[in-house]
Amino acid sequence: MIGVARARGWRARGWKGTLDWVAVHSLGLALGLMFALPIVFVFLTAVMSDSQAFTKDLWPREWHWGNFLEVFEQAPLVRYLGNSLLYSGLATVGMLLSSIPAAYALAKLRWRGRNVVFLLVVGAMMLPPQVVAVPLYDTWSSMGLTGTLWPLIVPYFLFDAFSIFLLRQFILTIPQSYVDAARVDGCTEFQALTRIVVPMARPGIAATALFCFLYTWNDYFGPLLYTSEKPDQWTLSLALASFKGMHHVQWNLAMAVTLLIMVPAVVLFVFAQRSFVRGITFTGVKG
Amino acid sequence: MTATLERVDVVRPAPAKGRSRSRARHRLTVLAFLTPAILGFALFFGYPLVATIGFSFTKYDLINPPEWIGWENYAYMFSDKLFRVAVYNTLWFVVVLTVARVVFALGVASVIARLKSGVGLVRTLCYLPSLAPPVAATLVFFLVMRPNDGPLDSLLGWFGIEGPLWFADPVWAKPGIAAVMLWVSGDLMIILLAAILDVPQEQYEAAELDGAGPVRRWWHVTLPTISPVLTFGVVNSIILALQLFTQAVVAGSAASGSADVTGSTKVLGFPENSTLTFPVWLYTQGFRYFDMGYAAAMATVLFVVSFAATVVLVQRIRRASHQEDGA
């Protein structure tokens with residue numbers, strides 16, 4: 001059976017088509033490997049011995065799996081992990097509470113000024129964080145909250161431009177007739193949101209939550225601005241940046257930490273690949 | 001549309017009084033849904049934006065009250081040598097990164113779009129690096145491009161090429177950061193891939209009937225159809241380049257060999273200020289030298305430039321959504 005199908009494909013493609021198929025697929029595979037290669041190097045270095053990590057060797061002579069444990073003794077990684085989880089976790093919860101109603105109002109409610117508000121959201125999304133850093137730092141500092149994670153978390157409970165934008169894009173794809181039907185059946189807007197829109201937009205909400213979590217998990221500027229003076233409040237990104245400096249002779253350990261910090265994001269991606277891809281395409285394609 | 005209107009009329013005969021009451025309730029609902037967002041926007045964008053512009057006309061060190069000095073901060077920019085360096089570095093990234101990122105992502109997406117099997121695997125491999133935190137991604141390339149004994153130099157050595165000092169060489173530090181940014185450009189690739197796969201098949205068939213080969217089909221059918229997404233990619237890359245901070249700070253501080261990412265100012269811009277981007281210099285002035293007024297003036301300049309780029313993007317989005325409504 002398989003042989004027959006293959007022969008048919010072969011005949012349909014012909015010599016030129018087959019050559020083309022091979023060329024495109026080798027190129028695709030080469031591209032994929034090119035993207036993976038740096039991580040392979042990092043992994044191989046992370047399991048080398050201290051002395052071999054210095055050398056030109058690309059392949060470890062012995063596999064030092066213990067490096068991944070040793071980094072926990074060299075730096076309070078558990079503490080940093082806790083701070084990162086606190087920042088990313090609370091920010092994501094806050095974002096969902098504040099952004100879902102706002103996105104619903106922008107996508108499914110009719111009111112004057114809706115377009116203006118949407119433009120403000122897009123504008124805020126594009127605003128470099130450095131532009132507003134000075135007065136914000138000044139305000140948090142006068143409240144005595146610099147050196148804590150609060151200046152990073154609190155804003156998400158009120159406003160996150162990118163999440164509102166992305167959620168709006170998802171909610172727009174839910175047919176208006178569903179919402180109208182709910183209204184006809186006597187639902188309040190709040191009920192239409194919680195009973196109709198939220199369940200239907202679940203994949204979009206998941207994608208937005210993933211992006212929010214990942215953004216805060218990866219954030220460096222925010223933690224650097226507010227917690228750099230207080231090492232016990234550092235997040236993983238901030239700690240990693242200084243780890244390389246503190247252990248600049250220990251490539252293997254620095255790379256072990258680099259890998260460890262990438263694990264949560266990769267695990268999330270593996271479990272929610274579809275949401276990621278949908279979320280990315282929605283940011284760019286579906287205006 | 002008409003169907004829903006009729007239905008509403010049937011259910012609600014709506015005497016004038018009731019309608020106005022429900023309209024008021026509607027307004028209250030909208031307001032309730034938007035209250036956190038309005039508050040957050042005002043507190044974290046509106047107010048600080050106005051305050052930044054205000055601070056930019058003052059001398060302010062965070063301890064003593066701000067002192068009004070008019071346009072002095074802006075005038076000082078013209079004599080600040082490092083300001084010029086920072087502008088040059090950021091412009092370098094705006095030009096190089098935008099061209100390289102869009103061309104590279106388009107190339108990769110075009111290859112993936114032609115795959116008949118293994119699309120998921122290749123797409124995943126290309127996207128995975130963009131999940132890496134910017135700090136980690138930069139350190140990955142710092143290892144790969146390590147002078148003398150790094151993997152890249154080992155590979156080059158097989159061809160008899162001796163690599164430069166990479167991140168420690170002022171000529172190679174910026175291209176090194178650009179390489180990191182290309183490695184993590186998977187999100188743009190996926191957006192472009194989706195756009196390419198969305199091109200209607202009939203258009204290709206029509207072009208084929210006219211005798212167009214694969215190259216001409218790509219040039220005359222694919223490119224024009226995905227041009228709105230390409231514009232998005234260009235503007236998005238410009239904004240990314242204008243904000244380039246983390247990769248520059250990490251590359252500079254790691255290459256300097258300093259343990260002190262958070263205290264010393266020497267590591268910023270290392271080597272020889274080649275990685276001193278506009279946001280890095282802004283950060284240094286404001287949060288290392290505590291010259292908040294000057295930092296605010298730089299922030300105002302950054303805002304004006306970013307805003308111009310955003311206006312272009314918003315127009316693009318609106319035009320695209322109008323097309324969608326019309327279809």
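Quick note on labels: first sequence line is chain A, next is B, and so on, each numbered from 1. The analysis underlying the following values was restricted to heavy atoms, covering all of them including side chains, and did not include hydrogens, waters or symmetry mates.
Contact annotation: the side chain of Leu224(A) approaches that of Tyr283(B) to within less than 4.5 Å [non-hydrogen atoms, C-beta and beyond]. Side chains of Thr29(B) and Thr188(A) form no contact here, defined as non-hydrogen atoms less than 4.5 Å apart. Using a 4.5 Å cut-off on side-chain heavy atoms (C-beta onward), Leu127(A) and Phe307(B) make no contact. For the pair Asp138(A)/Met292(B), no side-chain contact is recorded, criterion being any heavy-atom separation below 4.5 Å from C-beta on. Side-chain contact between Leu193(A) and Phe33(B): present, with at least one pair of heavy atoms (C-beta onward) separated by less than 4.5 Å.
Heavy atoms closer than 4.5 Å to chain B are found in the side chain of Phe211(A), but not in its backbone. Contact annotation for Val144(B): only side-chain heavy atoms (C-beta onward) come within less than 4.5 Å of a heavy atom of chain A. Looking at Arg27(B), neither its backbone nor its side chain comes within 4.5 Å of chain A, counting heavy atoms on both sides. Within the 4.5 angstrom heavy-atom criterion, only side-chain atoms of Leu119(A), from C-beta onward, approach chain B. Heavy atoms of Thr139(A) lying under 4.5 Å from chain B belong exclusively to its side chain. Within the 4.5 angstrom heavy-atom criterion, no atom of Leu259(A) approaches chain B. Both the backbone and the side chain of Thr258(A) have a heavy atom closer than 4.5 Å to some heavy atom of chain B. Contacts of Leu120(A) with chain B are made by both backbone and side-chain atoms, with heavy-atom separations under 4.5 Å. With a 4.5 Å cut-off on non-hydrogen atoms, Leu27(A) touches chain B through its backbone and its side chain both. Contacts of Phe276(A) with chain B are made by side-chain atoms alone, with heavy-atom separations under 4.5 Å and no backbone atom involved. Of the two parts of Asp20(A), only the side chain, counted from C-beta on, holds a non-hydrogen atom closer than 4.5 Å to a non-hydrogen atom of chain B.
Of the listed residues (Gly40(B), Ala32(B), Ala299(B), Pro48(B)), the one with the most heavy-atom contacts under 4.5 Å to chain A is Pro48(B). Counting heavy-atom pairs closer than 4.5 Å to chain A, the top residue among Asn236(B), Thr124(B), Asp153(B), Ile38(B) is Thr124(B). Looking only at heavy-atom pairs under 4.5 Å with chain A, the residue among Phe303(B), Phe278(B), Phe44(B) that has the most is Phe44(B). Between chain B and the residues Gly28(A), Gly32(A), Pro135(A), Pro101(A), the largest count of heavy-atom pairs under 4.5 Å involves Pro135(A). When Gly233(B), Ala137(B), Ser154(B) are compared by the number of non-hydrogen pairs under 4.5 Å with chain A, Ser154(B) comes out ahead. Contact tally against chain B (heavy-atom pairs below 4.5 Å) for Pro155(A), Ser237(A), Ala102(A), Ala265(A): the top residue is Pro155(A). Across Gly54(B), Ala51(B), Ala132(B), the residue that shares the most heavy-atom pairs under 4.5 angstrom with chain A is Ala132(B). With chain B as partner, the option from Val42(A), Leu29(A), Leu33(A) having the largest number of non-hydrogen pairs under 4.5 angstrom is Val42(A). The most heavy-atom pairs under 4.5 Å with chain A, out of Leu282(B), Leu34(B), Val122(B), come from Leu34(B). For chain B, the option among Ser98(A), Ala105(A), Pro38(A) with the highest count of heavy-atom pairs below 4.5 Å is Pro38(A).
For the pair Arg146(B) and Trp251(A), the distance from NZ or CZ to the six-membered ring centre is under 6.0 Å and the angle to the ring normal is within 45 degrees.
In terms of heavy atoms, Val249(B) sits closest to Tyr220(A) at CG1-OH, 3.5 Å. Considering all non-hydrogen atoms of both residues, Ala295(B) and Val134(A) come closest at CB-CG2, 4.0 Å. Nearest heavy-atom pair across Gln130(A) and Gln243(B) is NE2-O, 3.8 Å.
Contacts of Tyr104(A) classified as side-chain hydrogen bond (donor to acceptor under 3.5 Å, both in side chains), with partners at least two apart in sequence or in another chain: Glu189(A). Legend: residues meeting side-chain hydrogen bond (donor to acceptor under 3.5 Å, both in side chains) with Tyr294(B), ordered by chain and number and at least two apart, are Asp80(B).
In this structure a side-chain-to-backbone donor-acceptor pair under 3.5 Å is present from His25(A) to Ser117(B). A donor-acceptor contact shorter than 3.5 Å links the side chain of Thr52(B) to the backbone of Val131(A). Judged purely by atom type and a 3.5 angstrom limit, Trp183(B) uses its side chain to pair as donor or acceptor with the backbone of Phe35(A).
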Test side-chain contact (heavy atoms from CB on, under 4.5 Å) applied to Tyr127(B) and Val277(A), step by step: CA-CA 9 Å; Tyr127(B) 183 69; Val277(A) 173; over 6 Å; no

field: Candidate pair Leu125(B) and Met34(A), rule side-chain contact (heavy atoms from CB on, under 4.5 Å), full reasoning
entry: CA-CA 9 Å; Leu125(B) 285 177; Met34(A) 193 183 81; over 6 Å; no

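Crowding of Tyr178(A) atom OH: a count of heavy atoms from other residues, nucleotides or ligands under 6.0 Å not exceeding 12.
Using a 30° and 60° split on the angle between ring planes, Phe287(B) and Tyr137(A) fall in the perpendicular class, above 60°. The aromatic rings of Phe45(B) and Phe159(A) lie perpendicular to each other, with more than 60° between the two planes, well past the 30° mark.
Here Leu143(B) contributes atom CG and Ile39(A) contributes atom CD1; the two are 12.0 Å apart, rounded to the nearest 0.5 Å. Separating the CG atom in Asp187(B) from the OG1 atom in Thr281(A) is a distance of 11.5 Å, to the nearest 0.5 Å.
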